Number of protein chains: 2
Amino acid sequence: MDRLTIKDVARAAGVHPATASRALDPRLPGRISPATTERVVRAAAELGYVVDPVGRSLRTQRSGTVGVLVPDLLNPFYPPVVRGVQNVLREHGFEGLIASTDNDLRRGAELLDLFRARRCEGYVIASAGRRDAAVAALAGQGVPMVLVNRLTEVDVPSVTSDDACGIRNAVTHLRALGHTAIGHVAGPAGISVTGTRAAAYRAALRTAGITPRPAWVVRAGQYTAAAGEVACRGLLERGEVTAILAGNDMIAVGCLAAIAERGLRCPQDVSLVGINNMPLAEWLRPPLTTVAIAQEELGAQAARLVLARIVDPRADAGSVALATELIVRESTGPVRPAARS
Amino acid sequence: MDRLTIKDVARAAGVHPATASRALDPRLPGRISPATTERVVRAAAELGYVVDPVGRSLRTQRSGTVGVLVPDLLNPFYPPVVRGVQNVLREHGFEGLIASTDNDLRRGAELLDLFRARRCEGYVIASAGRRDAAVAALAGQGVPMVLVNRLTEVDVPSVTSDDACGIRNAVTHLRALGHTAIGHVAGPAGISVTGTRAAAYRAALRTAGITPRPAWVVRAGQYTAAAGEVACRGLLERGEVTAILAGNDMIAVGCLAAIAERGLRCPQDVSLVGINNMPLAEWLRPPLTTVAIAQEELGAQAARLVLARIVDPRADAGSVALATELIVRESTGPVRPAARS
DNA sequence: CTGAAAGCGCTAACAG
DNA sequence: CTGTTAGCGCTTTCAG
């Protein structure tokens, strides 16, 4: 009942193993007579035969496997991305090997080696640093690879969210509420989204007729609540801004803590906007206004691009930017005239 | 630079491929002369050879792969578990295939088939229903398998948290604050933890000298905030309890919403305790008192048990219950004399 | 201790 | 359209 091979199927159908193999391969249309195909398929079904991927891999030099690298599975941003990737891969008979780099480039390189050892046919990488030697090396070899969310200096096909548009909408929203002194708690340097978002923030301010001031921007050392809290304290001490755009929702959580700690209220004293729309955003007090990113779709698109490149390595998988949506909750409100202490 | 085989290593070292293979196998002590071993190892290192797991698998009939099934990767409880599993597996040269069942038994069965097709050598299953035919069938075949957190009717080695102890501590804590009318918002039926926790809740009450009343217990249809909110409303309407033990943190989030909706304050009017200590617990308003579970350790232990059973299938991997810890935050406080409506 | 040979399960290339 | 043959990369007999 356990080890069922193509030979068993062939014997049951009264044909040669090679014929059975061909009959079961849907990509060979008309190469086998309908009658034979029918007999083989029936025999396989009755016996409950499933191909041994190992034997197949050895012969075809293809593993049916894609490496998926995320910075941190514990960060609620990534599980939906992984889910999107897995679903699409499985639809196409592939399996994703999932790993977390813990935001460590060296660990990422090790994991890529591991994936290579396992003969992954392609890679979905959400953990790339702007300067990521391992990723650049792999890209240089022409291995099918798609970056998600974070880009490298080297040009590699990617799927990102259109943060610039989302941030523009957020600033417009704040401007309409009367805010003109809008701060930004940026994420750590060395990751592309940090720069993208900071630039988009400045551009959006200008578009709204506001001249950005350097004193309005502080940097969090990581995309975590703790780092966000520390950074936000610095911003609040200067007492200039009435609204804050956080680099992402985790940083926004830290901002919320810093705001409360200082005896201020959100949104009465300070309005706050996050980015990502993580599940926890709606459970915060106050529920967080945030720029939603279609995380699962991010993963799904990435998987589709990799698969396309696996099927045809020369297919130039262009990069994609997915639309974002501003989710207005209760952390943003009209500016108070007296707020500029 | 790409396809490097054992033959290449053997040639470089001037030995037969079989010899090279033996020299690189650490489990064969003294079967190969130190000099030869040295030469082969050096050659392999210089060339950058890594074994092809496919060729090895085909020969050894072992895939180096373990299937890992969780109910829902988007539920923040599971990523740490997965991480614990992966870390231990990788330390031992194994790779985990990760999949979410979306709390759907049929989907779980499909995924198990997928894993079986990929020749997984063992399984870590965190998604078992109390009556789970697919899991039971697999267990019956003597395939190495360890359940995490959720148990089935069939007896299978498992790693769980000692919820009973944690809940006892939570009730003791509430009792010390003066609460005697303590409610419970249980999770959905059909999952073992739901029953375990409900029973532990009743036992803990009795231990604290309180006679549990049926009217104090309501059931949420899922372990989600939305379901918790609906269930909790029913409990609050009766107006009997001054404290609530939620079936887990997600349900607790829902309780928080229901409490606020009713114009009550936590903890002044109603104290609340969760279970799991998910990351979001400390970001809630008020920060949630909860029973912490060592999730990563849960996964790590499970992986160790499976590996042990893979190495020696007759090893009777006993079940393990990990200690819990009550994390007291701000959602629990002294009972108000006037609180009983 | 090492070499030779065989074969894991599958499919591509080559007949027929 | 189908059978034959061969070999993917590795390890494990079996000889020596």
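The figures here come from the full heavy-atom set of this structure, side chains too, leaving out hydrogens, waters and symmetry mates. Chain naming here is simple, since letters A, B, ... match the order of the sequence lines and numbering starts at 1 in each. It should be emphasised that the depicted structure is a prediction, and the values quoted were computed from it without experimental measurement.
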- Message: Taking side chain to side chain donor-acceptor pair (under 3.5 Å) as the cut-off, I'd like each qualifying pair that reaches into residues 56-75 of chain A, sequence neighbours left out, listed once.
- Response: R62(A)-E121(A)
- Taking only the side-chain heavy atoms of T19(A) (C-beta and beyond), determine which of dG3(D), dG9(C), dT12(D) contains the nearest atom. dG3(D)
- Whether over 12 other heavy atoms sit under 6.0 Å from D312(B) CG: yes
- Give the nucleotide from the list dT2(D), dG9(C), dT12(D) with an atom nearest to the side chain of S33(A). dT2(D)
- Quick one: label V54(A) by what it contacts on the DNA or RNA (base, sugar-phosphate, nothing), any heavy atom closer than 4.0 Å. nothing
- Qualifying side chain to side chain donor-acceptor pair (under 3.5 Å) pairs, either residue in residues 90-100 of chain A, two or more places apart: R90(A)-E95(A)
- Quick one: I6(A) CD1 to dA6(D) P, roughly how many Å, whole number? 20 Å
- Considering only heavy side-chain atoms of R22(A), the closest of dC8(D), dA13(C), dC14(D) is dA13(C)
- Note on the structure: Rounded to 10°, the helix from dC1(C)-dG16(D) to dG16(C)-dC1(D) deviates from straight, judged by its five-pair end axes, by 40°
- Do E38(B) and R42(B) meet the salt-bridge criterion of a basic N to acidic O distance under 4.0 Å? yes
- Checking all strands, does S57(A) fall into the base, sugar-phosphate, or nothing category for heavy-atom contacts under 4.0 angstrom? nothing
- Task: List the steps and the verdict of side-chain contact (heavy atoms from CB on, under 4.5 Å) for T160(B) and V148(B).
- Result: CA-CA 6 Å; T160(B) 54; V148(B) 174; over 6 Å; no
- Message: On DNA chain C, does the nearest nucleotide to R59(A) precede the nearest nucleotide to G14(B) from the 5' side, or the other way round? Give the residue.
- Response: G14(B)
